[in-house]
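Inspection log for the structure reproduced underneath, given as structure tokens.
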Amino acid sequence: MSSITILETNVLHASDILYWLNGSSAENTADMQRIPHPLQLQLSNKPADLQLRHGAGKTALWRKPTTPIVNGVADDIDKTFVPGAGFLLSGVVSDPKGLFNPRTFSTTVGNSDVPLPGQALTLYPTPLGTRFGKAGGLIATLRYAADGSIVPWALLTVNVTVPGGGTQTYRAQADHRGDVMVSLQRLPPLPEGITEYNAQISVQALLSADPQVPLATDDLVAMELESLSTPASFSDPIGFQVVPGEIQLIRSASKDHLAVQPS
């Protein structure tokens, strides 16, 4: 019977893991779904020896080993994970399928012990990547009230009051054209005797945002929206009503878009 002789062992440990989450899939980060396919990274700040491996909804990071290859079979001591020094990782993540908006990120990685908890970073679906189910949803195009220019990369937050069920929160991000779709996938059917749910919508945006340059939603600031019924009346948030199963266009009074202005 033949035997195999191990001449040397190369021990590699992941430095960290980035988990890419769908920010519209749940209210809380812990409940968000991972993006179901690999994404692309363009890194602007990274160690020279950094290696990446992309998978569905995650990117594994590892560095060149500081110890030489082990002669023969590696024992438990050789395999022991030793946390490295943290390092800054910055860049842009984008979706080659076009189903999620790109974003920038900057985070310190590589200083965790095993088991690696990883780091969660959220992306939001584009209109192409948004699907409406039986509960319906909202469609809007964002424009600045002052000059009608587009509001790229803005984040909409919709709070729906469900009698006896508290408040449900939905979030969606506009694309580079200011278009946004909000899927109300968790909205329950109307109880008997109720014809609609009361809701509020708010927006975060950035006046200096460039449609051609992705950003992180953490950099956005609160702004005001024009009322859906009263022209030139701006507030943060604005109120409206939703009906499960309907797909509703959200437009400011007497406009074909949702008007935004700084607070």
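Note: hydrogens, waters and symmetry copies are ignored here, and every other heavy atom, side chains too, is used.
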Kindly say whether [Y] contributes a backbone atom to a donor-acceptor pair with the side chain of [X] at under 3.5 angstrom?
X: Trp153; Y: Asp210; answer: yes
X: Ser263; Y: Ala222; answer: yes
X: Ser25; Y: Gln33; answer: yes
X: Arg177; Y: Ile150; answer: no
X: Asn28; Y: Ala30; answer: no
X: Thr104; Y: Gly91; answer: no
X: Tyr124; Y: Pro102; answer: no

With clusters defined by side-chain heavy atoms of hydrophobic residues (ILVMFWY) lying less than 4.5 Å apart, directly or transitively, does [Y] cluster with [X]?
X: Val180; Y: Ile250; result: yes
X: Leu220; Y: Leu258; result: no
X: Met181; Y: Val260; result: no
X: Val243; Y: Leu138; result: yes
X: Leu156; Y: Val221; result: yes

Just wondering, do [Y] and [X] contact through their side chains at under 4.5 Å, heavy atoms?
X: Asp175; Y: Pro152; answer: no
X: Val160; Y: Leu187; answer: yes
X: Asn45; Y: Leu89; answer: no
X: Leu18; Y: Leu52; answer: no
X: Leu228; Y: Ile238; answer: yes
X: Leu21; Y: Leu123; answer: no
X: Gln40; Y: Pro96; answer: yes
X: Val93; Y: Leu121; answer: no

Under a plain distance cut-off of 3.5 Å, with no hydrogens placed, do [Y] and [X] share a side-chain donor-acceptor pair?
X: Asn198; Y: Thr161; value: no
X: Ser106; Y: Ser90; value: yes
X: Gln119; Y: Thr107; value: yes
X: Asp95; Y: His37; value: yes
X: Asp179; Y: Thr141; value: yes

Which atom names give the shortest non-hydrogen contact between [X] and [Y], and what distance separates them?
X: Val203; Y: Ala154; answer: CG2-CB, 3.9 Å
X: Pro125; Y: Asn101; answer: O-ND2, 3.7 Å
X: Gly136; Y: Ile247; answer: CA-CG1, 4.5 Å
X: Tyr197; Y: Pro244; answer: CE1-CG, 3.5 Å
X: Ala172; Y: Val182; answer: CB-CG2, 3.7 Å
X: Ala209; Y: Leu215; answer: CB-CD2, 3.8 Å

Once rounded to the nearest 0.5 Å, what's the spacing between atom [atom1] of [X] and atom [atom2] of [Y]?
X: Thr130; Y: Leu99; atom1: OG1; atom2: CG; answer: 9.0 Å
X: Glu224; Y: Ser202; atom1: CD; atom2: OG; answer: 11.5 Å
X: Ser94; Y: Gln42; atom1: OG; atom2: CD; answer: 6.0 Å
X: Phe240; Y: Leu225; atom1: CZ; atom2: CG; answer: 10.0 Å
X: Ser149; Y: Leu142; atom1: OG; atom2: CG; answer: 11.0 Å
X: Lys134; Y: Leu184; atom1: NZ; atom2: CG; answer: 16.0 Å

Legend entry - Heavy atoms of other groups near Gln241 CD, more than 12 under 6.0 Å: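 Atom CD in Gln241 is crowded, with more than 12 foreign heavy atoms closer than 6.0 Å.
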Inset, instruction - Please lay out, stage by stage, how Thr122 and Phe100 fare under the test side-chain contact (heavy atoms from CB on, under 4.5 Å). - result: CA-CA 10 Å; Thr122 56; Phe100 289 84; over 6 Å; no
Legend entry - Audit row: Lys58, Arg34, side-chain contact (heavy atoms from CB on, under 4.5 Å) steps and yes/no: CA-CA 8 Å; Lys58 62 184 177 182; Arg34 293 186 196 175; 4.0 Å; yes
Legend entry - Derivation and outcome, side-chain hydrogen bond (donor to acceptor under 3.5 Å, both in side chains), residues Asn159 and Thr169: CA-CA 5 Å; Asn159 292 313; Thr169 299; 2.7 Å; yes
Inset, instruction - Identify the residue among Ser252, Ser254, Ser233 that makes a side chain to side chain contact (heavy atoms under 4.5 Å, CB included) with Glu226. - result: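 For Glu226, the side chain to side chain contact (heavy atoms under 4.5 Å, CB included) test succeeds with only one of Ser252, Ser254, Ser233, which is Ser252.
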Inset, instruction - Considering only NZ, NE, NH1 and NH2 on the basic side and carboxylate oxygens on the acidic side, decide whether Glu27 and Arg171 come within less than 4.0 Å. - result: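 Here Glu27 does not pair with Arg171 in a salt bridge, since their nearest N and O are not under 4.0 Å apart.
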Inset, instruction - Please step through side-chain contact (heavy atoms from CB on, under 4.5 Å) for the pair Arg103 and Val92, ending with a clear verdict. - result: CA-CA 6 Å; Arg103 62 158 290 176; Val92 176; over 6 Å; no
Legend entry - Whether Trp20 and Phe105 hold their rings parallel, tilted or perpendicular, with breakpoints at 30° and 60°: perpendicular
Legend entry - Steps toward side-chain contact (heavy atoms from CB on, under 4.5 Å) verdict (Tyr170, Thr157): CA-CA 6 Å; Tyr170 299 88; Thr157 300; over 6 Å; no
